[in-house]
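One structure below.
Values below: all heavy atoms of this structure, side chains included; hydrogens, waters and symmetry mates excluded. Heads up: numbering here begins at 1 and tracks the sequence. Quick caveat: nothing in here was measured; it's all calculated off a predicted structure. Order of listing sets the numbers, starting from 1, for every ligand and every atom in it.
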Amino acid sequence: MMTHYHRPTFGSRLGAILAAVGSAVGLGNVWRFPYEAGQNGGAVFLIVYLGCVLLLGVPVMLAEFFLGRHTRRNGVGAFAQLEPGTPWAGAGYVGIFCAFFILGFYFVVAGWTLEYLFQSLGGSLAGKSPEQYTADFVTFIRSPLRPIFWAVVFILLTQGVISFGVKHGIERAAKLMMPLLFLLMIVLCVRSITLPGAWAGVEFLFRPDVSKLRDPGMFLSAMGQAFFSLSLGMGCMITYASYFGKNTHMQGTALSVAALDTAVAVLAGIMIFPAVFSFGLDPTQGPILVFATLPNVFSQMPLGTLWAFAFFLLLVIAALTSTISLHEVVTAYLHDEFDIRRSTAAGIVSGTVVIFVVLSSLSVNPDNSIAIFGVSFFDILDNLTTCVLMPLGGMLICLFVGWRIDTRILKAELTNKGSAAFYFFHVYVFFLRFVAPIAIGLILVYEIAGRFSPPPPPETTETVVSTIVLPGVLFPA
Ligand code: TRP
């Protein structure tokens with residue numbers, strides 16, 4: 001309870017931005033965004049997505065930044081400090097549980113990226129038939145021990161970084177890894193678009209299909225993607241903003257994070273689709289694209305092992321800076337509110353999360369039947385967080401900051417006591433009070449209605465993989 005008085009801060013403005021970008025850029029960007037964009041009309045989806053990022057994502061992120069830096073507390077503490085003794089702290093607890101549940105399946109997928117990095121190092125990823133890549137991937141994720149082993153390694157890596165603290169752990173990791181991620185991304189993009197026949201992939205991603213504009217589901221999936229990709233709605237950005245310095249430019253940081261996150265998503269598309277098209281492979285393979293289709297692409301290129309290694313290293317980095325931020329949400333809560341040492345708090349989180357990870361990894365194999373009402377544990381964690389907890393948390397954050405906070409206090413915090421300008425501040429408040437909560441409410445209803453309607457029966461191995469085995473949010477069928 002006392003520790004927030006000696007709250008650590010990020011060492012520099014750039015460090016703060018990179019840490020937040022590290023959280024935002026994750027498996028969601030490198031895999032999900034290009035696929036969603038490709039499926040939903042390319043350029044049209046891109047425009048709607050950009051609109052969602054600007055009109056919903058940035059306002060909610062600013063609200064989280066306000067809560068974090070104003071109170072200098074974790075996701076629960078922020079609400080508890082502003083409205084002590086009211087049920088609003090519940091909004092913070094939603095976030096804590098949400099972080100736990102996301103970690104439960106995110107670590108599993110993160111572990112898969114380590115396995116593939118390892119395989120690319122050993123050269124065993126090269127020279128298989130396309131079917132073999134898919135079959136080997138399914139065999140791997142369904143095996144009992146290996147995926148769990150890699151997930152545990154990933155947890156230990158995350159825990160290691162977190163234990164070093166905010167400045168020497170989280171910030172340093174982001175400062176080292178994010179530039180490397182950008183570098184790898186640029187190199188892989190250049191490699192991809194200079195392949196023969198690559199232009200078809202660029203067209204696939206950017207060719208506008210105006211007919212998609214009539215599909216309401218597209219607007220909603222763009223909004224959902226924006227929330228997930230920007231790490232919003234569960235206290236992650238509250239926690240990180242609690243480490244911002246007094247002079248951190250709030251609006252500038254929110255815009256930079258949103259812009260960089262979006263840039264990485266678009267670059268991921270440019271990195272993946274031209275290469276896939278160049279080798280005449282199917283870009284709509286969905287969930288297995290990254291783990292089965294891409295290794296096939298790499299194995300057909302000169303220096304394929306090198307490209308595969310670079311790509312999976314990029315995925316590991318993207319996932320790691322995101323798991324750090326998710327882990328930190330719970331670690332910071334325990335550390336602040338119960339005055340537990342940071343490394344001990346991190347250990348408690350890792351120890352608990354292992355249980356979720358083991359169950360969700362085992363549940364990927366239908367034979368293990370770790371399921372409730374026929375839905376695997378993995379999918380339950382995924383659905384519960386993305387369909388219910390995250391939108392709910394985001395809506396509560398908007399309502400809280402919009403209605404419960406004195407607008408003068410809000411404006412003072414977001415302008416560093418008037419030293420930065422905030423044009424259209426009243427429009428912003430209107431967004432927080434009405435536009436964002438209503439829009440988020442729509443996502444919530446749409447997602448819940450969609451998820452609980454019965455799925456079509458699986459037909460092929462690929463359908464099984466995309467509808468049952470993989471997380472719906474990262475890898476929608
Ligand atoms: N944004 C990350 C991604 O795109 C995942 C993530 C990290 C996240 N922290 C979060 C999602 C907090 C929701 C909430 O992969």
* Atoms in ligand 1 flagged as close to Ser229, the criterion being non-hydrogen separation under 4.0 Å -> 1 (N), 4 (O)
* Have Arg7 and Ser242 got a donor and an acceptor in their side chains that come within less than 3.5 Å? -> yes
Result block: side-chain N/O donor-acceptor pairs under 3.5 angstrom for residues 47-68, not counting sequence neighbours:
{"unit_1": "Glu64", "atom_1": "OE1", "unit_2": "Met237", "atom_2": "N", "d": "3.3"}
{"unit_1": "Glu64", "atom_1": "OE1", "unit_2": "Ile238", "atom_2": "N", "d": "3.3"}
{"unit_1": "Glu64", "atom_1": "OE2", "unit_2": "Gly233", "atom_2": "N", "d": "2.7"}

* Do we see a donor-acceptor contact under 3.5 Å between the side chains of Ser23 and Ser325? -> yes
* Asked: Do side-chain atoms of Asp261 reach the backbone of Ala258 as a donor and acceptor pair under 3.5 angstrom?
  -> no
* Taking only heavy atoms of Ser322, which atoms of ligand 1 are found under 4.0 Å from at least one of them? -> 2 (C), 7 (C)
* With distance as the sole criterion, is a donor-acceptor pair present between the side chains of His249 and Thr253 under 3.5 Å? -> no
* Structure fact -> Any heavy atom of Ser325 under 4.0 Å from ligand 1? The part involved is side chain
* Asked: So is there a nitrogen or oxygen of Leu326 less than 3.5 Å from a nitrogen or oxygen in ligand 1?
  -> no
* Asked: Could a heavy atom of Phe227 be found less than 4.0 Å from some atom of ligand 1?
  -> no
* Listed by chain and number, what are the side-chain contact (heavy atoms from CB on, under 4.5 Å) partners of Arg433, not counting sequence neighbours? -> Trp403, Thr407, Val429
* Under 4.0 Å from a heavy atom of Met390: give me the atoms of ligand 1 that qualify, with their elements. => 13 (C)
* For ligand 1, which atoms, with element, lie under 4.0 Å from some heavy atom of Gly28? -> 3 (C), 4 (O), 15 (O)
* Close N or O approach (Met234, ligand 1; < 3.5 Å) -> no
* To do: For Ala24, counting its heavy atoms only, list the atoms of ligand 1 lying under 4.0 Å from any of them.
  => 1 (N), 2 (C), 3 (C), 4 (O)
* Asked: Counting distance only, does the side-chain N/O of Thr113 pair as donor-acceptor with the main-chain N or O of Ala110 below 3.5 Å?
  -> yes
